[in-house]
Amino acid sequence: MEAQAPWRVLEFYSGIGGMRYSLASSGVRVEVVEAFDINDVANDVYERNFGHRPCQGNIQTLTASDLDKYKAHAWLLSPPCQPYTRQGLQKHSADARAFSFIKILNLMQNMNFPPQMLFVENVVGFEVSDTHDQLIEVLSSLNFNTQEFILSPLQFGVPYSRPRYFCLAKHESMCFHNPSVNNKLLRTPTCLTLNSSTTQNSYEQNEDVLEVVCKPIRDFLEIHIMDTVDQDCSATTSDCKFRPAAFEKAGGCTPSETGSHDYIVPLSLIERWGNAMDIVYPESKRCCCFTKSYYRYVKGTGSLLATSKDHKPVPKENLEFSSLNELGLRFFSPREVANLHSFPSSFCFPDHISLRQQYAMLGNSLSVAVVAPLLHYLFAEI
């Protein structure tokens with residue numbers, strides 16, 4: 001019996017390869033016929049890990065005939081999130097960074113070989129934007145059914161709070177395994193089991209409950225950094241060899257130039273921002289979302305890890321400055337952030353990518369643990 005040909009896939013806004021890793025992890029037989037991204041540095045990382053350099057340039061310059069030539073069955077898109085974030089101006093479709101996504105949507109209506117499936121990932125907030133309205137309008141006009149989700153890695157056993165919006169769309173000539181949730185927005189992954197009899201929303205719970213089923217953060221850490229940092233900070237952070245000036249310099253370091261001490265949080269930052277820091281411990285089962293500004297700033301950009309073996313977890317409201325100073329606080333390393341994004345151990349950055357660039361690109365990436373089962377569900381045939 002002849003094997004079925006792989007699905008032909010186009011990747012838009014391919015970044016450092018999170019979607020590509022999710023495809024590999026999903027078990028779906030696909031061929032990525034092309035990837036597109038305007039970011040030169042992200043394309044260096046993608047090429048280093050997949051041996052193919054994405055098509056670089058403004059996606060807005062693509063035409064319907066350009067896309068027709070790929071004869072892709074599916075489009076996977078992770079467009080810029082800045083127009084929809086709570087911290088941004090929330091200009092939605094009026095933001096220039098939304099233009100390319102809207103252009104691609106409109107091209108679908110003029111194609112001879114439009115995709116049969118679509119997958120869109122973005123921040124929570126996208127679902128209430130006028131860009132979302134345009135997405136649904138275009139898909140409806142082309143006779144697509146949609147299933148939308150807001151999901152977090154916490155719901156998949158990963159101790160990482162990063163809720164994101166996802167839209168899965170299939171042409172009406174194809175069917176979802178659970179059509180009863182067509183055109184609905186779900187906050188539970190239970191329908192992804194491909195078992196239509198599954199009706200319990202077992203993940204319709206708050207994050208405190210979800211933490212119980214998550215692995216500890218310890219399982220995602222680089223042991224050699226834990227040991228070295230604990231030795232460097234065995235007294236207090238003020239005794240560490242790490243200084244603010246060195247901290248600024250470390251941000252420009254490449255992987256081969258980075259040492260364990262580069263992740264220690266300077267005393268000056270603890271003095272200024274200690275009350276605003278999200279502090280977790282190796283045994284914790286939840287950490288905050290890492291943003292592209294992690295390592296540049298400590299407030300609201302991601303969790304910090306307490307490494308001192310002499311201190312047990314203490315509620316933040318009970319911590320005094322002197323206690324904070326003795327926790328041996330450090331940043332998660334890029335490899336650890338990648339681990340929490342469920343990237344494979346084979347993933348790496350080219351040696352010319354600076355520490356700050358690594359954090360920025362990881363902050364713009366996605367969770368393989370969440371996206372892989374969504375893609376498996378999207379591509380599943382009845």
Side-chain angles (χ1 to χ4, degrees), residues 9-15 18-19 22 35-39 42 54-55 57-64 66-67 72 74-111 114-152 162-172 176 181-187 289 291-292 360-361 363-367 370-371 374-375 378:
V9 171
L10 284 182
E11 257 191 287
F12 296 91
Y13 316 99
S14 51
M19 195 76 77
S22 299
F36 301 89
D37 202 288
I38 198 170
N39 188 304
C55 182
N58 193 333
I59 290 174
Q60 285 178 251
T61 63
L62 293 171
T63 66
D66 289 333
L67 297 173
W75 289 3
L76 312 181
L77 309 99
S78 187
C81 64
Q82 292 89 342
Y84 319 104
T85 58
R86 287 175 297 176
Q87 294 84 0
L89 299 175
Q90 297 185 342
K91 295 172 67 176
H92 299 177
S93 64
D95 191 309
R97 289 166 292 193
F99 292 173
S100 62
F101 179 62
I102 294 169
K103 168 74 180 293
I104 292 171
L105 292 178
N106 291 329
L107 287 179
M108 286 178 62
Q109 301 177 92
N110 301 316
M111 292 178 62
Q116 301 166 275
M117 292 175 283
L118 214 70
F119 181 91
V120 179
E121 180 268 353
N122 216 283
V123 293
V124 175
F126 178 89
E127 77 281 3
V128 295
S129 69
D130 60 354
T131 309
H132 170 267
D133 294 341
Q134 293 182 55
L135 167 65
I136 299 302
E137 182 179 346
V138 169
L139 292 174
S140 177
S141 71
L142 294 173
N143 301 315
F144 276 74
N145 289 313
T146 62
Q147 295 186 7
E148 300 173 279
F149 299 84
I150 291 178
L151 300 174
S152 171
R162 190 184 179 90
R164 286 295 184 267
Y165 163 85
F166 304 95
C167 176
L168 283 61
K170 275 187 169 183
H171 189 265
E172 64 180 7
F176 283 105
V181 293
N182 282 357
N183 308 314
K184 293 182 180 180
L185 174 63
L186 307 176
R187 296 176 185 270
C289 177
T291 75
K292 67 177 183 179
M361 289 185 285
N364 284 331
S365 195
L366 49 78
S367 169
V370 178
V371 175
L374 285 168
L375 291 175
L378 174 65

Exercise. Evaluate the side-chain proximity of Arg164 to Leu151: yes if any heavy-atom separation is below 4.5 Å, no if none is.
Key: no

Quiz item: Is any side-chain heavy atom of Phe12 less than 4.5 Å from a side-chain heavy atom of Pro79?
Solution: no

Distance-only check: which donor-acceptor pairs under 3.5 Å involve side-chain atoms of residues 136-143, not counting sequence neighbours?
residue	atom	partner	partner atom	Å
Ser141	OG	Val138	O	2.6

Self-check item: Check: Lys292 side chain, Asn364 main-chain N or O, donor-acceptor pair, under 3.5 Å
Solution: no

Quiz item: Looking at Leu135, Leu76, Leu378, Ile104, which hits side-chain contact (heavy atoms from CB on, under 4.5 Å) with Leu118?
Solution: Leu135

Quiz item: Roughly how far, to the nearest 0.5 Å, is the CZ atom of Phe176 from the CG atom of Leu168?
Solution: 5.0 Å

Quiz item: Would you call Trp75 and Leu67 a side-chain contact if the rule is heavy atoms closer than 4.5 Å?
Solution: yes

Exercise. Enter the distance from Arg187:CZ to Ile150:CD1 here, rounded to the nearest 0.5 Å.
Key: 4.0 Å

Quiz prompt | Nearest non-hydrogen partners of Met117 and Phe144, listed with the distance | solution = N-CE2, 4.1 Å

Exercise. Work out which heavy atom in Met19 is nearest to a heavy atom in Val371; give both atom names and the distance.
Key: SD-CG1, 3.8 Å

Exercise. Output all residues satisfying side-chain contact (heavy atoms from CB on, under 4.5 Å) with Ser129, sequence neighbours left out; order by chain, then residue number.
Key: Tyr84, His92, Phe126, Thr131, His132

Self-check item: Minimum heavy-atom distance Leu366-Ser22, with the two atoms named
Solution: CD1-OG, 3.6 Å

Quiz item: Between atom SG of Cys55 and atom CG of Leu62, what is the distance when rounded to the nearest 0.5 Å?
Solution: 7.0 Å

Quiz item: Taking all non-hydrogen atoms of both residues, which atom of Phe149 and which atom of Leu185 are closest, and how far apart?
Solution: N-CD1, 3.8 Å

Quiz prompt | Distance (rounded to the nearest 0.5 Å) between Thr85 OG1 and Asp95 CG | solution = 9.0 Å

Quiz item: For the residue pair Ser100 and Gln60, what are the closest heavy atoms and their distance?
Solution: CA-CG, 3.4 Å

Quiz item: Would you find a donor on one side and an acceptor on the other, under 3.5 Å apart, between the side chain of Asn39 and the backbone of Gly15?
Solution: no

Quiz prompt | For Ser365 against Gly18, the heavy-atom pair lying closest together | solution = OG-CA, 4.0 Å

Quiz item: From Gln134 CD over to Ile102 CD1, what is the distance, rounded to the nearest 0.5 angstrom?
Solution: 4.5 Å

Exercise. Give me the one residue out of Ile59, Asn106, Asn122, Val120 that meets side-chain contact (heavy atoms from CB on, under 4.5 Å) with Phe101.
Key: Val120

Quiz prompt | Gap separating the NZ atom of Lys184 from the CD atom of Glu148, nearest 0.5 angstrom | solution = 12.5 Å

